[in-house]
Each structure stands twice: as C-alpha cells, then as structure tokens.
Peer 1: 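Sending over a structure as structure tokens; questions will come in a sec.
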Amino acid sequence: MDTKISRRFFLKATSLAGGGMLLGFSFLANGNEANEEEATDLDFSLNPYIKIDPDGTIKLLAPNPEIGQGVKTSLPLIVAEELGVDWKTIKVELAPLNDVYGRQTAGGSGSVRGRFTPLRKVGAAAREMLVAAAAQTWNVSPSECTVEDGVVIHPAGRKKLTYGELVTKAVTLPVPEDPVLKDVKDFKYIGTNVKDVDAEAIVTGKPLFGIDTRKEGMLYAVVARPPAYGKTLGAVDEARALQVNGVKQVVKLKNSVAVLATLTWAAKKGRDALKIEWITSEKLESTAEHEAAFKEMLEKGASSPSREDGNVEASKSEASKVLDSWYEVQTLSHAQMEPLNFYADVREDKAELFGPTQVPGSVRDSVAKELGIPKENISVSTPRQGGGFGRKLMNDNGVEAALISAAAKCPVQVQWMREDDMQNDFYRPMAMYRYQAALSEDTLLAWHQSGVGIGRGAGGDSYLAGILPNYRVDSQGYKSNTPTGWWRAPGANSLAFPAESFLDEVCQELKKDPVQFRLELFEKAKTSPVRDLRYDPDKYISVVKLVAEMAEWGKNKPGIYRGFATWYSFGSYAAQVLDIQLINGKPRITKVYCAVNCGLVINQSGAENQVQGAIIDGICHALFPKVTFVDGAVQETNFHTYNFLRMKDAPMDIEVKFVPSNEAPTGLGEPALPPVAAALGNALFAATGKRIRKMPLMEQL
Amino acid sequence: MPAYTLSINGDTRVVDVDADTPLLWVLRDTLNLVGTKFGCGIAQCGACTVLMNGFAIRSCSIPVSAVGVSNIVTIEGLSQNGDHPLQVAWQELDVSQCGYCQAGQIMAAASLLSQIPNPTDDQIDSSISNICRCGTHVRIRKAIHLAAEKSRSK
C-alpha cells in the first residue's frame with residue numbers, strides 16, 4: 001500500500017460561494033500541478049468528499065457504489081475518523097460519477113482496499129486546515145490545539161471553535177500534502193460496530209433504490225428481449241400493445257422492443273401483448289450438450305498444463321493409490337433481489353443517467369460511444385442498490401435505457417421483470433473438473449487438477465501450488481454463445497468447492513485430520529516452498545488455527561457432523577467449520593464458524609454481516625439453484641424453478657472472528673464465500689457417508 | 001378505468017387503475033408508496049409483503065379489484081415514527097445489507113408477532129419464507145427475538 005500521496009495527486013481546497021469548504025483529490029493526467037485558475041474552473045471541484053457548511057452541517061460523499069457490501073458506511077467512516085467529527089452528526093451521500101473520484105467500481109472486493117490510505121489523508125488534511133484556521137484566529141501554535149467531535153480546542157486558553165465557524169477561514173489556507181495520520185490505537189470509530197447509514201431509511205420504506213426513481217416526465221419501459229441465446233429480432237406487430245391502457249409508445253432497438261407506458265403494469269402488459277417473430281440466427285445450445293462435451297474433453301485430457309511442478313505422471317505410477325474424482329459446478333444466475341432497472345434522459349447532446357450499476361464509468365463511456373454524446377455531457381449517478389454480486393459489472397442495463405430514451409425522445413425508467421433478469425444474465429459458467437491424487441501409504445505425493453469450462457476454461461490454483469513437489473493444473477475452454485460473466489468471487493466460487501472437497505477425500509483416504517493436515521502443509525510452505533508462493537502461509541495458519549479453536553475441532557460432539565475448508569481470495573484468508581445435525585432424519589446446518597484474516601476491520605458490524613452473508617450465499621448456491629439451457633432458452637425463469645434458500649435452510653448461527661491485525665485492510669466482500677461449499681460437502685460426507693461432487697448438492701442427496 | 005376505494009395505512013385512497021393491476025403496483029406507481037418492493041411478481045420472494053387485515057400477504061399476487069374494504073398496512077404505515085419494535089430491533093442489530101428485502105421481512109415478522117408474540121426459532125423458520133439474497137437470516141432471527149422481548153417489556 002503506497003502511503004505517500006503520489007505526485008499525480010494533490011489535495012485542492014475550493015471555496016463555495018457562501019463559505020463552505022470542499023476538498024477533493026484532483027487527477028492530473030500529465031503529472032504537473034495545475035495553476036489556481038485551472039483548478040477552480042474545473043467541474044470536479046464541485047464533487048468532493050467533504051462538504052462543511054458554515055452552519056456546521058457536515059456531509060460526506062461515499063465514492064463507490066453501494067450494493068449491500070457496506071461501503072456507503074465504511075468509506076465515509078474512514079474520512080470521519082481522521083477528520084475528527086462526531087459520526088452521529090454526519091450526513092452521507094453517494095458520490096456521482098466524476099473523474100476526481102478515481103475508480104468508482106464496486107467489484108473485486110476493492111473499494112476499502114484501494115481507498116483506505118487516500119481517504120485517511122483526505123480527512124487528515126481537512127482536519128489540519130481547520131486546526132490551522134483556529135490557531136491563526138487565536139494566535140497560537142497549531143500544536144497547542146486539539147480536536148474533538150468537530151470542535152477545535154485550545155486547552156490552555158479554554159477556547160473552542162466549531163468546524164462550521166472555522167470553515168470560511170480554513171479554505172483560504174494551503175492544503176497539506178502529507179498530513180499526519182492518527183495512530184491506529186487512537187481510532188475512535190474504525191474497528192467498532194457502526195450501523196449502516198441507511199438503516200433507518202431501509203426499515204421505514206423510504207425511496208432508496210433505482211426501482212424507486214420518480215422523475216418528471218418519465219415513462220416506464222418494459223422490454224421484449226430474445227427468448228433464447230442465438231435468436232434475433234424479426235417482425236414485430238405492436239398493434240395490441242398500443243391498445244393497452246397507459247401505453248404511449250413502442251420503440252424498436254437492434255435486437256429488442258421496448259413498450260413505454262405511464263405505469264409499470266401497463267408497460268408490462270403492453271410488452272406481453274407484442275407479437276414478435278424471433279429468428280434463429282445461431283446455434284441454439286443446451287446444457288446437456290455442454291456436459292457431454294466437457295466429459296469428452298476431460299477424458300481426452302489437455303495438451304499442456306497451465307502449471308506443472310515436478311512429474312505428476314511419474315508420481316501416479318509410483319503411488320500405492322491414485323484417487324480419481326470428477327466434480328461439477330452448475331450455471332448460476334445472479335438473482336440480486338432488486339430486478340435490473342435504469343433511468344435515462346437523453347437529449348440532443350447530453351444525457352442524465354441514474355440507476356443501479358457497479359460500473360458507472362463504463363456506462364458513461366459506452367453511452368458516449370453508442371450515441372455520439374461527449375463524455376463530459378453525460379452525468380451518471382447511482383442509488384443504493386438491491387444487491388450486485390457481479391451482475392452489474394456489465395453495463396447493459398444502463399446502455400439499453402439510454403438507447404431507449406434516445407429513440408423515444410423522452411425520459412425513461414426501464415424496469416426488468418424477474419423473468420427478464422434471469423433470462424438475460426451473464427451467468428456464472430458451468431465447469432467440470434477431474435482431480436487425481438497420487439498417494440503413498442501416509443502422504444500426498446502428487447495433485448492433478450483438470451478443468452473444463454465455457455469461455456476461458458476452468459483453471460486456477462489451490463494453495464497446494466507451491467507446497468507439493470508434484471503438482472499440475474490444466475484447463476480447457478469451450479466456445480459457447482451463452483453469455484458468462486463475473487459472479488461473486490469469480491474463479492474461486494467454482495474452484496474452492498472441488499479443490500477443498502477433494503483434499504478432504506485425500507484426508508479420508510490417508511486417515512489424516514483435515515485441520516492438522518492443512519497445518520502441516522502450510523508449515524511445509526514456509527520451510528520449503530516449491531517455486532513461488534502466491535499467498536502468505538502464516539496468514540492461512542492464523543485462520544485455520546483460529547477457526548479450529550472457535551469450533552473446538554477435534555472434540556467429540558455427539559450428533560454433530562463437521563466439515564472444514566479454507567481459501568484465500570481477494571487478499572484475504574477465510575477458514576470455516578460447518579456443523580450439520582440430523583433433525584428428524586434430515587440434515588440441518590446448525591452452525592458455521594468462520595475465521596477471517598483481512599487486515600484492519602473498518603466496521604465490525606458491517607464486516608461480520610458480510611462474512612455471514614457470504615456464507616449463506618455460498619450455502620444457498622451450493623445446495624439449491626441451477627440454470628439449464630435448452631435450445632438456447634433458460635429454463636429457470638423465476639424463483640419457483642430457480643430454487644432458493646429460505647429461513648428454514650439457513651444456519652441457526654454463524655460465528656465470525658477476525659484475526660487481530662493493524663495491516664491495511666484487504667478484501668471482504670467476497671473472501672468468505674469460496675470455502676463454504678466444500679465445508680458443507682465435507683460435513684454432508686461426515687453425516688451421510690456420501691461424497692457429493694455435483695452442484696446443486698440437494699439434487700444428489 | 002374503474003375507480004377503487006382502498007384503505008391504506010388508515011387513509012382512504014381512491015385509485016383509477018385497471019382491475020387486474022396487482023396491489024403492489026398500485027401502491028408503488030399510483031400511490032407513490034415505494035417501500036413495498038417488487039422482487040419476482042409470483043409470490044415467491046416476499047419483497048412485496050404487506051398486511052391485509054393484519055395478516056401478511058404478497059401484494060404482487062392480489063389484483064386491486066380483490067382488495068375491497070380490507071385494511072392494508074405497508075411498511076410506511078407500520079408505525080408513526082419508525083418505532084415499531086421490529087423497526088427498532090432491526091436498527092439495533094444492524095440487520096440490513098443491501099436492504100431491498102427488509103421491508104417485506106419486517107412486514108412478515110409483524111404478522112407473525114401479532115399472532116405469536118414469542119415465537120421459537122422453529123416458528124420463525126416456518127412462518128418467514130422471504131428470500132434474502134444477501135444472507136441476513138441469522139440477524140433477522142435475532143431481531144425478531146429482540147423485538148418480541150421489547151414488546152414483552154413494554
């Protein structure tokens with residue numbers, strides 16, 4: 001983590017007419033400092049992180065989209081900590097898209113990771129300017145002043161001035177380039193339980209989400225899209241659609257038709273009344289054919305590995321036993337709770353865009369390109385979002401809305417029905433794996449993982465890479481016209497299940513304790529790694545030991561069947577023990593223990609919520625849903641066939657502990673998800689004696 | 001369009017909408033009560049849960065023509081000042097992640113608590129089937145227990 005502000009940034013304070021202070025980072029493309037005039041003329045100076053009004057109102061802007069991962073709370077919290085204000089008095093807003101904010105994507109568990117130190121500096125610099133203003137007023141040295149809850153205090157002189165009273169003077173002072181940051185032990189808010197800033201609004205039903213958008217002159221639009229991948233738009237008869245009460249317009253795009261109406265229900269009825277001929281333009285693919293092809297490809301084997309250490313084939317022939325298991329993970333939809341939607345008001349040469357997206361910058365750039373509107377004339381901002389999970393790393397919902405508004409020449413709020421959402425996704429792709437392990441009487445000699453998946457394939461390394469002298473991974477890709485995309489913890493969400501389940505099979509065969517075996521492996525990684533290690537074995541050890549302690553692993557617990565798994569992703573380490581009990585003969589997950597090493601925890605409550613949520617996410621998708629293509633058409637179009645976890649399936653309790661750390665925060669939105677499916681599969685094996693290797697697991701039980 | 005006279009959160013509201021319009025969309029688009037959410041449209045997810053004569057129903061699946069004189073309570077009308085024990089408990093335990101399903105969860109829980117003031121975990125499991133994609137189930141259970149406790153001590 002780079003702790004010095006790079007010479008490409010500088011903090012610029014700008015006065016608001018009326019005396020408020022705004023602070024923000026400026027990006028300078030050429031690395032030179034802009035002169036005073038340039039900076040104040042630039043639009044971005046009106047979109048800072050901190051707004052302080054002379055009346056004392058303090059507003060913080062959260063720069064990354066809020067998709068339920070808690071950054072609307074945690075990012076401003078970092079600023080507030082260093083700024084020295086009373087968190088209870090702060091107002092928070094989501095920042096609009098603006099280059100001054102840098103990377104405004106929600107993805108890759110990157111928001112807190114990337115912004116921790118820069119946001120501390122934003123807060124600290126502002127604090128120093130306010131203190132300097134007070135010191136000047138009192139004619140004392142700044143070092144004699146302290147700060148508490150938005151008030152600068154001169155203890156000896158018993159003087160106080162609030163930030164509101166100081167702001168008009170503070171903006172005239174130079175911006176410190178290297179402000180002094182608090183000592184971690186002096187944190188007042190970071191590391192404590194902080195409620196989500198929208199908690200009250202959520203439980204009282206205030207308008208918060210994209211679907212709640214209501215703007216002057218807007219029409220609702222519901223869109224007819226191809227019913228199968230491989231089909232394209234043919235003839236359209238909109239006569240019946242136009243007759244529906246409330247329908248105002250029908251707009252045709254390249255491959256879809258939008259019905260615009262004064263009410264959502266009218267737009268939906270109008271869309272359903274369209275008579276459309278869909279033409280088969282490409283092959284219509286089916287999951288069954290994908291599965292058959294994958295099997296063939298795995299049987300044939302890959303021509304070359306993505307990684308090979310030592311000699312896996314030789315190990316197999318020398319081994320006293322070779323384990324050979326096939327695993328399969330299913331195609332998944334994202335199914336974020338808020339169905340996709342987006343608002344667009346496109347005029348001649350400008351556009352106002354507002355809606356749920358994880359990539360506002362990408363929406364702007366694509367709209368600029370598609371409609372030939374200059375980027376600086378396109379505004380994009382986001383509401384709070386009802387889940388993301390990677391669906392909205394694709395910008396299609398925003399671009400589509402802009403195209404419809406442009407064609408219809410009116411502001412439009414596009415609303416997807418759940419069926420539209422499930423049938424037009426960028427799915428977590430299906431993947432098939434073949435694992436082989438060469439075993440001696442008492443140890444693991446070699447590990448061979450072969451994967452096949454749609455697109456680039458199914459590869460990736462487990463932590464055994466760098467531990468085992470004989471290790472091989474190969475992957476083959478399968479070309480398909482079914483779309484795939486990023487789904488929470490891409491790669492890891494598929495790989496950890498077979499890798500940690502198969503390692504459990506190895507432990508069963510060698511009669512080794514799964515936890516003890518991991519600790520031995522990680523010790524070996526420390527003492528004699530093979531080539532490069534792409535993780536820190538000490539951190540793996542820290543979470544394995546902590547979770548074993550939490551769960552009292554090894555203690556006899558009658559009636560409790562346990563599974564263990566651990567995985568590193570997005571900078572963080574997670575280890576889990578999952579307990580199953582048979583209640584009336586049926587397995588019920590009673591408890592999950594999870595230890596996480598993610599560096600400094602910003603918001604304890606939010607962090608625990610993320611880990612619990614990722615665990616339930618992992619359990620749900622391991623057990624219940626799947627997407628099946630038949631002739632290009634998704635069969636599971638809503639929650640009646642896309643089976644989903646309910647309260648009765650959720651663990652009774654999830655206990656989370658974080659390894660204490662003062663290191664800069666690493667990712668937390670995703671890392672707790674990958675190991676859970678294997679922990680579950682391993683617990684099911686302990687409970688039933690049956691090794692389940694294909695998701696959704698419920699179908700095999 | 002036919003006019004329907006509805007009782008929403010204690011107020012009489014007259015709406016001019018098509019007979020087959022689900023109550024959900026009447027609430028959201030015509031009455032601008034957007035707290036009740038759309039999640040699936042087929043009564044599977046519960047995001048649209050409101051109280052009808054005190055019982056939880058899924059408003060996406062009841063047409064406005066069938067509501068009649070029933071008293072409808074939405075999340076906006078659950079309490080005057082956002083201080084129903086469930087709303088208080090939900091905030092105290094910081095239940096929400098994205099927040100989209102939570103109004104529906106709270107309405108379902110309100111219905112449960114009005115019938116069973118001290119539900120067991122089993123009773124919660126069988127009564128609340130709303131989907132939460134973010135996985136706040138453990139905190140939802142705790143919040144229902146906390147709300148029940150708060151109601152007891154009143």
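Computed from a predicted model, the values in this text were never measured in an experiment. We name chains A, B, ... by the order of the sequence lines, and we start the count at 1 in each one.
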Peer 1: Once you round to the nearest 0.5 Å, how far does CZ of A:F644 lie from CG of B:N130?
Peer 2: 13.0 Å

Peer 1: Need one label for A:E608: side chain, backbone, both or neither, based on atoms under 4.5 Å from any heavy atom in chain B.
Peer 2: both

Peer 1: Determine, stepwise, if the pair A:D617 / B:R133 fulfils side chain to side chain contact (heavy atoms under 4.5 Å, CB included).
Peer 2: CA-CA 7 Å; A:D617 194 342; B:R133 178 67 177 82; 3.1 Å; yes

Peer 1: Are B:D18 and A:K269 close enough for a salt bridge, meaning some N to O gap below 4.0 Å?
Peer 2: yes

Peer 1: Counting only heavy atoms closer than 4.5 Å, note whether A:H621 contacts chain B via side chain, backbone, both or neither.
Peer 2: side chain

Peer 1: Please name the pair of heavy atoms, one in B:G39 and one in A:P339, separated by the smallest distance, quoted to 0.1 Å.
Peer 2: O-CG, 3.8 Å

Peer 1: For B:C98, is there any backbone N or O sitting under 3.5 Å from a side-chain donor or acceptor partner on A:R384?
Peer 2: yes

Peer 1: Tell me the closest heavy-atom pair linking A:G386 and B:Y100, and the distance in Å.
Peer 2: CA-CB, 3.8 Å

Peer 1: Over all heavy atoms of both residues, which pair between B:R141 and A:P651 is shortest? Give the atoms and the distance, please.
Peer 2: NH1-O, 3.0 Å

Peer 1: If I take atom CD from residue B:Q44 and atom CG from residue A:N643, how far apart are they, to the nearest 0.5 angstrom?
Peer 2: 8.5 Å

Peer 1: Let me confirm one number: the CZ-CG distance from A:R214 to B:N32, rounded to the nearest 0.5 Å.
Peer 2: 6.0 Å

Peer 1: Is A:K648 salt-bridged to B:D121, going by a charged N under 4.0 Å from an acidic O?
Peer 2: no

Peer 1: Could you tell me which portion of A:Q336 (side chain, backbone, both or neither) has an atom closer than 4.5 angstrom to a non-hydrogen atom of chain B?
Peer 2: backbone

Peer 1: Just checking A:R240: does its CZ atom have more than 12 heavy atoms from other residues, nucleotides or ligands closer to it than 6.0 angstrom?
Peer 2: no

Peer 1: Could you walk me through whether A:Q612 and B:R139 pass the side chain to side chain contact (heavy atoms under 4.5 Å, CB included) check?
Peer 2: CA-CA 9 Å; A:Q612 291 178 331; B:R139 287 192 180 189; 3.6 Å; yes

Peer 1: Closest heavy-atom contact between B:F38 and A:W416?
Peer 2: CE2-O, 3.6 Å

Peer 1: Under a 4.5 Å heavy-atom cut-off, does chain B meet the side chain of A:M417, its backbone, both or neither?
Peer 2: both

Peer 1: Could you tell me the separation between the CG atom of A:N638 and the SG atom of B:C45, rounded to the nearest 0.5 Å?
Peer 2: 8.0 Å

Peer 1: Would you say the side-chain atoms of A:R418 pair up with the backbone N or O of B:C40, donor to acceptor, closer than 3.5 Å?
Peer 2: no

Peer 1: So for A:Q610, is it side chain, backbone, both, or neither that comes closer than 4.5 Å to the heavy atoms of chain B?
Peer 2: both

Peer 1: Tell me, out of B:A103, B:G82, B:S96, who's got the most heavy-atom pairs with chain A below 4.5 Å.
Peer 2: B:S96

Peer 1: For B:Q87 and A:V203, indicate whether the former's side chain and the latter's backbone hold a donor-acceptor pair under 3.5 Å.
Peer 2: yes

Peer 1: Answer with side chain, backbone, both or neither: which region of A:E338 has an atom nearer than 4.5 Å to a non-hydrogen atom of chain B?
Peer 2: both

Peer 1: Give a yes or no on whether a salt bridge exists between B:K37 and A:D212, defined as a side-chain N under 4.0 angstrom from a carboxylate O.
Peer 2: yes

Peer 1: I want to check something: taking the side chain as every heavy atom from C-beta on, are B:D20 and A:W265 in contact at a cut-off of under 4.5 Å?
Peer 2: yes

Peer 1: Using a 3.5 Å distance criterion without hydrogens, assess whether the side chain of A:N609 forms a donor-acceptor pair with backbone atoms of B:V95.
Peer 2: yes

Peer 1: Going through the checks in order, is the side chain to side chain contact (heavy atoms under 4.5 Å, CB included) test met by B:R28 and A:I211?
Peer 2: CA-CA 10 Å; B:R28 290 190 56 82; A:I211 197 175; 3.5 Å; yes

Peer 1: State, with a plain yes or no, whether a side-chain heavy atom of B:I131 is found less than 4.5 Å away from one of A:F639.
Peer 2: yes

Peer 1: Drop me the distance from A:I583's CD1 to B:D122's CG, to the nearest 0.5 angstrom.
Peer 2: 7.5 Å

Peer 1: Out of curiosity, B:Q97 CD to A:I202 CD1, how far, rounded to the nearest 0.5 Å?
Peer 2: 10.0 Å

Peer 1: Testing the basics here: between A:F389 and B:C134, what is the closest heavy-atom pair and its distance to 0.1 Å?
Peer 2: CZ-SG, 4.0 Å

Peer 1: Sort A:I654 into side chain, backbone, both or neither according to what part of it lies under 4.5 angstrom from a heavy atom of chain B.
Peer 2: both

Peer 1: Checking side chain to side chain contact (heavy atoms under 4.5 Å, CB included) for the pair B:D29/A:Y220: CA distance, chi angles, key distance, verdict?
Peer 2: CA-CA 10 Å; B:D29 289 358; A:Y220 296 94; 3.4 Å; yes

Peer 1: Indicate whether the side chain of A:R646 and that of B:S126 have a donor and an acceptor atom separated by less than 3.5 Å.
Peer 2: no

Peer 1: With no hydrogens and no angle check, is any side-chain donor or acceptor of B:D94 less than 3.5 Å from a backbone partner on A:D196?
Peer 2: yes

Peer 1: Can you confirm whether A:E200 is buried at CD, in the sense that more than 12 heavy atoms of other residues, nucleotides or ligands lie under 6.0 Å from that atom?
Peer 2: no

